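Notes to accompany the following structure.
Keep in mind that this is a model prediction, so the values were computed, not measured. To find a chain, count down the sequence lines: A is the first, B the second, and so on, and within it residues start at 1.
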Amino acid sequence: MSFQQFTGTDRYLVTPELRDAVNVAIALEKPLLIRGEPGTGKTVLAEAVAENLVMQLLTWNVKSTSKAQEGLYVYDTVQRLNDARFGDKDISDIGLYIKYGPMGRALLAEQRVVLLIDEIDKADMEFPNDLLHELDRMSFSVHETNEHHTAKHRPVVIITSNNEKELPDAFLRRCVFHYISFPDRDTMADIVRVHHPDVEDELLKQVLLRFYWLRDLPEIRKRPSTSELIDWIAALRRGGVSTEAIESELPFLGVLMKRENDLQVTLQAHRRGRVN
Amino acid sequence: MFVDFFYHLRGFGLRVTITEWLTLMRALAMGHGRADLGVFYHLARSLVIKRETDYDAYDRAFASFFMDIEAQFDIDDELLSWLEQPKLPEITDEERAKLEALDLDELREKFKERLAEQDSRHDGGNKWIGTGGTSPFGHGGENPAGIRVGGSGGGRSAVQVAGSRQFRNLRSDRVLDTRQIGVALRRLKKLDKVEGPEELDLDRTIDKSARNGGEIDLVFGPPRRNRIKLMLLMDVGGSMDPHTMLCERLFSAAHAANHFKKFEHRFFHNCVYEKLYTDIARWRGDLTSQVLKNLDHTWSVVFVGDAWMSPYELTHSGGAIDYYHRNTDTGLTWLRRIRERCPNSIWLNPEPRKIWNAPTIHIIRQVFPMFQLTLDGLTEAVDVLRGARPNRALAA
């Protein structure tokens, strides 16, 4: 096949399904929409793709106030007005006051780049719809200067969503979609080893046993994620906690559980001895 | 076969569009199927399924479709020949009828066209879907673009994976999602000219300046604000547990809607008595009389609850569901007080209308107009709250 293949990196373990989804998105030149529980490595995926394919990564961190237009460009009228007041600058070239956003820069780039639109669901609900045209055509116009830019190389677009808001259908239809499911125990062991290469097998086994037991408690509202597990292991190791202690008392639970209620529930369940 | 699979997916309630389907065909033609049903399973899923909540339906559809095939055919020979029928562009009368029923006639033409195009691009003996070992669909062929059906290379087969239905928990069968609620709540607006320093009216300024030949003429006017003040009272716990997700969505959408003049919320269990709670666990709260003092007729009150309780809880003093709770005034009295204080109030009920003749629901419907917590119900409710429809409870 003619296009570059994403294979994963040694810092980022990728499932075959996710790898295929990335490659299909690249080949079809469609945006890849990634959803999944927090901490399943959605954002890191873009970094891994950029690293693996040796492309520059441009990140657009979407916020609740983000507007689609800002991703393309902003015409800094205030700066221009300010410069005009003193007459010491040439303000006749509007182009100098056009500030390109991450998406604008991705479309203007000389080489193919990876564009990460992170947490698209944070923005207003019409936000994704406002990007449809640009994502389809990979081109945009700067009305102030009457310029039209079309991407020389269609960027690899990776979009992440935390599912805070439902995304519009028209937008979804244009994407390749992949849901990162929570890793199973074996995959998780591999992931942990990437971050803690020298972790003892017995400790890892115990920790994972606790971790998945805890995630399966039905009363838990916010289930701990990968990044919290990795922090927990770091805390346990730095605290020199023995493997037996992990079994008997669940130390440093606050690293895993961030909600008071969840903590209580977990401790109660642990006391009831539901751990096997 | 592939048109069949398309309809099969749609038959499972999956909203697969023709465009998405054609994208899948394009990906297969490019070789992403890799002659493996397991790969095809994921490929098709990533291109036609766009919500993890649909993964389970996809799994069921996939398993039943390919399971039948595995059961009906000898994989090696019969299925192979079935797959090799280059019949995709020819649509049978039955399928034509289906297509026409869906009003997709035009799209079907496009589908055919696209297929024809694919054929010509894949010339040189490699028919897009065809016979012989180089076809992308088939078994044991040489084409890296092909799909192998039945038995992937080691590990579990795609049908097994699909059959295990690991995404069952992601299903929601949602009545409403946050986005839809958000859109509905947006309409809850009553714009009013309010007191205060005048604001620049940008539209009229631009208009006047343009008429002035570019000479800037600033226009000021009184500011306009949404005057909706919303109090959300939610039933939590007990019989409302199955509706938790739905209520959370409504709550988060209402909370995120920042266009209300004021927004407040309180919780109760089954019925409102002398206390309203600020947390779901119902530990902290305020006296209902106190809350009511701070409300007046300018407030809109929205109840969310199933109105499903023992009649005692509604009509008897001391009938509150919590054992240690002795209420002197009946629940119904409290509800009527709220209605009197804030006539612009309604009740949203997540339960289907067919059970609304249950005693307590019926009584409450005589106090508040009740709407089902679905998109239509919510839209109607919003119309009532903004005064576009009369706010009338059921006649006693």
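Around atom CG of B/D203, no more than 12 heavy atoms belonging to other residues, nucleotides or ligands sit under 6.0 Å away.
At a threshold of 4.5 Å between non-hydrogen side-chain atoms, the residues B/M30 and A/L28 count as touching. A/V24 places a side-chain heavy atom less than 4.5 Å from the side chain of B/L43. In this structure the side chain of B/E52 never reaches within 4.5 angstrom of the side chain of A/I180, judged on heavy atoms.
With sequence neighbours excluded, no residue forms a salt bridge (Lys or Arg N to Asp or Glu O under 4.0 Å) with A/R19. With sequence neighbours left out, A/R185 forms a salt bridge (Lys or Arg N to Asp or Glu O under 4.0 Å) with no residue at all.
If you tally non-hydrogen atom pairs under 4.5 Å between each of A/C175, A/P16, A/A21 and chain B, the highest count goes to A/C175.
If you take OG on B/S46 and CG on A/L33, they are separated by 11.0 Å, rounding to the nearest 0.5 Å. Between the CZ atom in A/R173 and the OG1 atom in B/T19 there is a gap of 6.5 Å [rounded to 0.5 Å].
Side-chain N or O atoms of A/Y179 include none that pairs as donor or acceptor with a backbone N or O of B/Y55 at under 3.5 Å.
Between A/R35 and B/K50, the shortest heavy-atom contact is NH2-O, 3.6 Å. In terms of heavy-atom proximity, B/H32 sits nearest to A/N23 at CE1-O, 3.8 Å. Considering all non-hydrogen atoms of both residues, A/L172 and B/E20 come closest at O-OE2, 4.5 Å.
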